[in-house]
*Asks:* 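Handing you a structure now.
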Number of protein chains: 2
Amino acid sequence: MEKYEKFGTKEKILDVALESFSTSGFDATSLDAIAKSLGIRKQTILYHFTTKKGLLNAVVERAAENLITSIEEVLSSELKGWERIEALAKMIFRLALREPLLLGLLREVSRPGSVGSERLKILMTPLMDRATLWMQTEMGAGRMRRTDPRLVILSAYSTVVGLATEIEVLRAAGIEQALRPVAIRRRELMRFLRVSLDPDYSQSR
Amino acid sequence: MEKYEKFGTKEKILDVALESFSTSGFDATSLDAIAKSLGIRKQTILYHFTTKKGLLNAVVERAAENLITSIEEVLSSELKGWERIEALAKMIFRLALREPLLLGLLREVSRPGSVGSERLKILMTPLMDRATLWMQTEMGAGRMRRTDPRLVILSAYSTVVGLATEIEVLRAAGIEQALRPVAIRRRELMRFLRVSLDPDYSQSR
DNA sequence: ATTATTATTTACCAATTGGTAAGTTAAACT
DNA sequence: AGTTTAACTTACCAATTGGTAAATAATAAT
């Protein structure tokens with residue numbers, strides 16, 4: 001058991017940090033600000049995470065767990081070929097709508113030079129490798145059209161990250177109900193995936 | 001005439017600032033760093049732009065001029081309806097490829113909370129209004145399918161901003177030649193615009 | 001009850017940062 | 001030549017920031 005923990009301070013810190021990192025960005029977030037909004041001292045944060053970078057990594061890691069769990073869920077299903085991809089895409093969009101902060105974090109951390117990008121890469125590469133491998137066997141079995149798996153995956157990835165921008169831009173323009181544009185985006189992604197992957201899909205152009 | 005100006009210091013500052021803002025972000029860019037990389041003192045920057053925010057605004061403004069000039073060029077053509085839109089989209093993608101820093105800046109400044117977002121909005125609303133108006137008359141004349149112009153424009157806008165992410169992600173993954181994904185993106189955007197706007201286009205789905 | 005461990009705080013600090021104020025240099029105007 | 005003005009620098013500063021060290025409180029283990 002976890003000894004005692006007063007009352008989940010660590011989790012609370014992660015919550016506030018996620019919020020701030022994903023909306024204001026890493027640099028614009030100060031430990032003091034996080035601490036203040038929690039009614040604790042900055043040193044408490046450093047006690048739990050030693051450095052600011054450590055805090056970001058922890059935030060990223062928790063978010064990634066969140067994501068990976070959802071992915072595993074889909075992967076454990078019996079779906080094959082195209083249908084499996086479709087299920088994955090749907091899941092991602094559902095998750096993105098339910099927890100928009102994840103998107104913001106992803107965008108923040110996706111910038112190559114950014115502080116969290118290394119950790120993100122470490123967390124993502126296994127997923128990427130696995131997906132690539134699977135796609136290759138599917139292609140081998142003729143259940144999937146032949147293309148460069150990496151390109152497809154990364155393109156899909158950046159579509160999802162782009163969602164963050166889109167939702168924010170729409171909100172800034174006073175369009176609160178961002179559901180329709182998101183649905184459009186999803187349909188676009190589906191179509192893109194279908195065109196590049198589904199062998200039973202006539203590429204009419 | 002402009003008195004003398006030693007040797008375009010102001011422009012050089014803007015160049016370096018654009019580079020840094022668009023790749024590292026506003027917060028991660030220090031005036032000292034910019035100054036150092038130019039071999040001048042920080043106070044010279046402040047002499048020309050008074051505040052850091054002022055510098056960002058100047059960078060944004062110059063970028064916007066750049067963009068607006070290109071837009072005017074297309075708008076002065078004789079193209080009507082769908083063809084005009086197509087020309088605009090092509091121009092934007094050409095510009096984005098030629099000057100990728102513009103994209104980075106746009107993404108940096110598109111975040112609602114960000115320092116430059118107000119200025120961006122000020123610069124963009126006239127364009128937006130003009131585009132909306134034009135689209136409405138086109139719709140009235142039956143040369144364009146009826147939809148919400150704002151939604152279409154913003155969707156196109158975020159597609160372009162999303163390009164920044166995509167190019168960066170691909171580069172981070174070691175894919176230098178990002179031309180193909182960009183081409184795909186452009187085709188997608190065209191298709192989206194066509195489906196929502198071109199009345200002569202059969203919406204086969 | 002005492003001790004060990006975990007959690008949190010108070011007290012500091014060195015570095016960085018944006019910005020002010022007051023020179024200094026050099027060209028332009030008279 | 002002398003004055004004005006634009007361009008740039010040196011000298012500072014106050015605030016913020018991430019981080020260290022040591023003290024204190026709270027809980028668990030003996």
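Each chain gets a letter, A, B and so on, in the order its sequence line appears, and its residues count up from 1.
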*Asks:* What's the closest nucleotide to the side chain of B:Arg41 if the choices are C:dG18, C:dT9, D:dT9?
*Replies:*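 Of the candidates, D:dT9 comes closest.
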
*Asks:* How long is the line joining NZ of B:Lys10 and P of D:dC8, in whole Å?
*Replies:* 11 Å

*Asks:* Roughly, in whole Å, what's the span from CG in B:Asp27 to C1' in D:dG18?
*Replies:*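 Whole-Å distance recorded here is 15 Å.
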
*Asks:* For C:dT6, does OP1 or OP2 lie under 4.0 Å from any side-chain N or O of A:His48?
*Replies:* no

*Asks:* I want to verify a distance call: between D:dG19, C:dT8, C:dG19, whose nearest atom is closest to the A:Thr9 side chain?
*Replies:*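 Nearest listed nucleotide: C:dT8.
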
*Asks:* What is the distance from CD of A:Glu11 to C1' of C:dA7, rounded to the nearest Å?
*Replies:* 16 Å

*Asks:* How many Å lie between CD1 on A:Ile45 and C1' on C:dT9, as a whole number?
*Replies:*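 Atom CD1 in A:Ile45 sits about 13 Å away from atom C1' in C:dT9.
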
*Asks:* Among D:dG18, C:dA11, C:dT8, which nucleotide has an atom closest to any side-chain atom of A:Lys42?
*Replies:*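 Per side-chain heavy atoms of A:Lys42, the pick is D:dG18.
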
*Asks:* Which is true for B:Ser30 with a 4.0 Å heavy-atom rule: it touches a base, it touches only sugar-phosphate, or it touches nothing?
*Replies:* sugar-phosphate

*Asks:* Of all the choices, D:dG19, D:dT17, D:dA11, which nucleotide is nearest to the side chain of A:Gln43 once you look at every atom?
*Replies:*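 For A:Gln43, the side-chain atoms sit closest to D:dG19.
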
*Asks:* Among C:dG18, C:dT9, D:dT9, which is the nearest nucleotide to the side chain of B:Ile40?
*Replies:* D:dT9

*Asks:* Is a side-chain donor-acceptor pair under 3.5 Å present for B:Arg119 with B:Ser114?
*Replies:*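 Judged by distance alone, the side chains do not pair up.
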
*Asks:* Please determine, for the side chain of B:Thr44, which listed nucleotide (D:dG19, D:dC8, C:dT17) has the closest atom?
*Replies:* D:dC8

*Asks:* Figure out the OH/P separation between A:Tyr47 and C:dA7, and round it to whole Å.
*Replies:* 4 Å

*Asks:* Just one of B:Arg145, B:Arg84, B:Arg143 clears the salt bridge (charged side-chain N to carboxylate O under 4.0 Å, His left out) bar with B:Glu138, so which one?
*Replies:*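 Going through B:Arg145, B:Arg84, B:Arg143 one by one, the salt bridge (charged side-chain N to carboxylate O under 4.0 Å, His left out) with B:Glu138 is satisfied by B:Arg143 alone.
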
*Asks:* In whole angstrom, what separates A:Phe49's CZ from D:dT17's P?
*Replies:* 19 Å

*Asks:* Looking only at atom types and distance, does a side-chain atom of A:Glu168 sit under 3.5 Å from a main-chain N or O of B:Ser110, one as donor and one as acceptor?
*Replies:* no

*Asks:* Between A:Thr50 and A:Leu46, is there a donor-acceptor pair closer than 3.5 Å when you use the side chain of the first and the backbone of the second?
*Replies:* no

*Asks:* Indicate, with a heavy-atom threshold strictly under 4.0 Å, whether B:Leu31 touches base, sugar-phosphate, or nothing.
*Replies:* sugar-phosphate

*Asks:* When you measure from the side chain of B:Thr159 to the backbone of B:Ser155, do you find a donor-acceptor pair of N or O atoms at a distance under 3.5 Å?
*Replies:*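 Confirmed, B:Thr159 side chain pairs with B:Ser155 backbone.
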
